[in-house]
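For clarity, every value in this text was computed on a predicted model and none was experimentally measured. Only this structure's heavy atoms are used, side chains among them; waters, hydrogens and symmetry mates stay out.
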Amino acid sequence: MPPNLRSTQPYNNVAFSDGSTCSPECSRYKGTFDVFCKITRQEGFSRLWRGTNASLALAIPTVGIYLPCYDMLRNYLEELTEEYASSLSPYSPLVAGSAARMLACITCYPIELARTRMQAFKETQAGVKPLGVWQTLSGVMSPVRSANHFQKLQNYRVLWTGLGAQLARDVPFSAICWGTLEPIRRRILSFTGDEMNLASLFGANFAGGFIAGTLAAAATCPLDVARTRRQIEKDPARQISMTTRHTLMEIWRDGGWKGLFTGISPRVARAGPSVGIVISSYELMKYALYHRHLTGE
């Protein structure tokens, strides 16, 4: 092995949840099943749910901003394009989804950063309770603390570390997702005619969301890998200087196509059902509220 590729630092053993140790090979994962097995063995079964509180804290404001904004923007754009440029009307969901996702991402990004770090980092001492959302964000801020108030405000930008990569992933994901979902669910609902009910509404939205989420997740996987790598970077100076383009180039150099599509199986397996459940639940809630308003209950 050439000298520049050989590590000059001694490897640290990985500690299991029962106190035993193993070689650094324990931290090298060969697939989704291997990840489940090694995390369970090294850190305990409950660690598979690390970051759940951050995920819940993230999901509520994100969905609360994202879906209503998408609905309003899509309706506005469809009315606008039908009046002035009807040929552009099919692109309204794509544009509305991208804009709504951008707004939701920027607003809720610090919680997304905390979730990724909570899921990525292991505890270094046995029996130490994992950090929560706010402790994780405090740890992100600690290397760049300053007594100068103006500098302190500038340093808060570290909480948006990797936002560019997040937007580079989520905006295309949303554009592909909504651009695919709307034609599918409208086509399915067209078969029901005026006899639409809860079952047909749920089926159309879940099927459209499942297909659209799966396709969008597969297409944007390299951007998701780049986003994660930027979020878990520990060096504060490198955190700020990293760009999505350079990160993708590093991943390509280190692992080629395989590196760019690392984790595509669990990502796709998660995205399809997740999008289907979220969209169908949202549409069912709208349907229920609309009929409750009509009946005056």
Pairing residues for [X] by the salt bridge (Lys or Arg N to Asp or Glu O under 4.0 Å) criterion, not counting sequence neighbours:
X	value
Arg245	none
Glu283	Arg185, Lys286
Arg74	Asp71, Glu182
Arg227	Glu112, Asp224

With sequence neighbours excluded, give me every ring-ring contact (aromatic ring centres under 6.0 Å, His included) pair touching residues 260-282.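 Sorted pair list comes back empty.
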Could you note down all residue pairs passing ring-ring contact (aromatic ring centres under 6.0 Å, His included) where residues 201-229 supplies at least one of them, sequence neighbours left out?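 Every ring-ring contact (aromatic ring centres under 6.0 Å, His included) pair that includes a residue of residues 201-229, provided the two are not neighbours, is Phe202-Phe206.
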Under the side-chain hydrogen bond (donor to acceptor under 3.5 Å, both in side chains) test, which residues partner Glu250, sequence neighbours left out?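 With sequence neighbours excluded, Glu250 shows a side-chain hydrogen bond (donor to acceptor under 3.5 Å, both in side chains) to Arg238, given in chain and number order.
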Whether the side chain of Thr81 engages the backbone of Glu78 through a donor-acceptor N/O pair (distance < 3.5 Å, no angle test) should be reported.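 Yes.
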Is there a donor-acceptor contact under 3.5 Å from the side chain of Ser190 to the main chain of Arg187?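 Such a contact is found between Ser190 side chain and Arg187 backbone.
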Apart from [X] itself, which Ile, Leu, Val, Met, Phe, Trp or Tyr residues share its cluster (side-chain heavy atoms under 4.5 Å, direct or through members)?
X	result
Leu73	none
Ile211	Ile184, Ile188, Leu215
Ile176	none

Heavy-atom distance under 4.5 Å between the side chains of [X] and [Y], does that happen here?
X	Y	result
Leu248	Leu260	yes
Ile279	Leu67	yes
Pro61	Thr107	no

State yes or no: do Tyr290 and Met285 share one hydrophobic cluster built from I, L, V, M, F, W and Y residues joined by side-chain heavy-atom distances below 4.5 Å, directly or via other members?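 In one cluster: no.
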Should Val268 and Trp257 be counted in the same cluster of Ile, Leu, Val, Met, Phe, Trp and Tyr side chains packed under 4.5 Å apart?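 Looking at the clustering, Trp257 is in the same group as Val268.
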Looking at every heavy atom in both [X] and [Y], which two are closest together, and how far apart are they?
X	Y	result
Cys105	Leu163	O-CD1, 4.3 Å
Thr180	Ala212	CB-CB, 3.9 Å
Thr62	Ala104	O-CB, 4.0 Å
Ala271	Ala217	CB-CB, 3.4 Å
Ile65	Pro68	O-CD, 3.8 Å
Leu103	Cys69	CD2-SG, 3.9 Å

Which distance, rounded to the nearest 0.5 Å, do you find between the [atom1] of [X] and the [atom2] of [Y]?
X	Y	atom1	atom2	result
Asp254	Arg229	CG	CZ	5.5 Å
Phe173	Leu223	CZ	CG	12.0 Å
Asn205	Ile277	CG	CD1	13.0 Å
Thr214	Arg267	OG1	CZ	10.5 Å

Tell me whether the count of non-hydrogen atoms from other residues, nucleotides or ligands lying under 6.0 Å of CZ in Arg186 goes above 12.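 Counting neighbours around CZ of Arg186, more than 12 heavy atoms of other residues, nucleotides or ligands fall under 6.0 Å, so yes.
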Answer with yes or no whether the side chains of Tyr66 and Ser174 bring together a donor and an acceptor at under 3.5 Å.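 Note: Ser174 and Tyr66 side chains meet the donor-acceptor criterion.
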Once ring pair (Phe, Tyr, Trp, His ring centres under 6.0 Å) is applied, do any residues pair with Tyr287, and if so which ones, sequence neighbours excluded?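 Checked Tyr287 against ring pair (Phe, Tyr, Trp, His ring centres under 6.0 Å); matches are His291.
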N/O donor-acceptor pairs under 3.5 Å from side chains in residues 87-102, not counting sequence neighbours:
unit_1, atom_1, unit_2, atom_2, d
Ser92, OG, Ser89, O, 3.1
Ser98, OG, Leu94, O, 2.9
Arg101, NE, Asp170, OD2, 3.1
Arg101, NH2, Asp170, OD2, 3.0

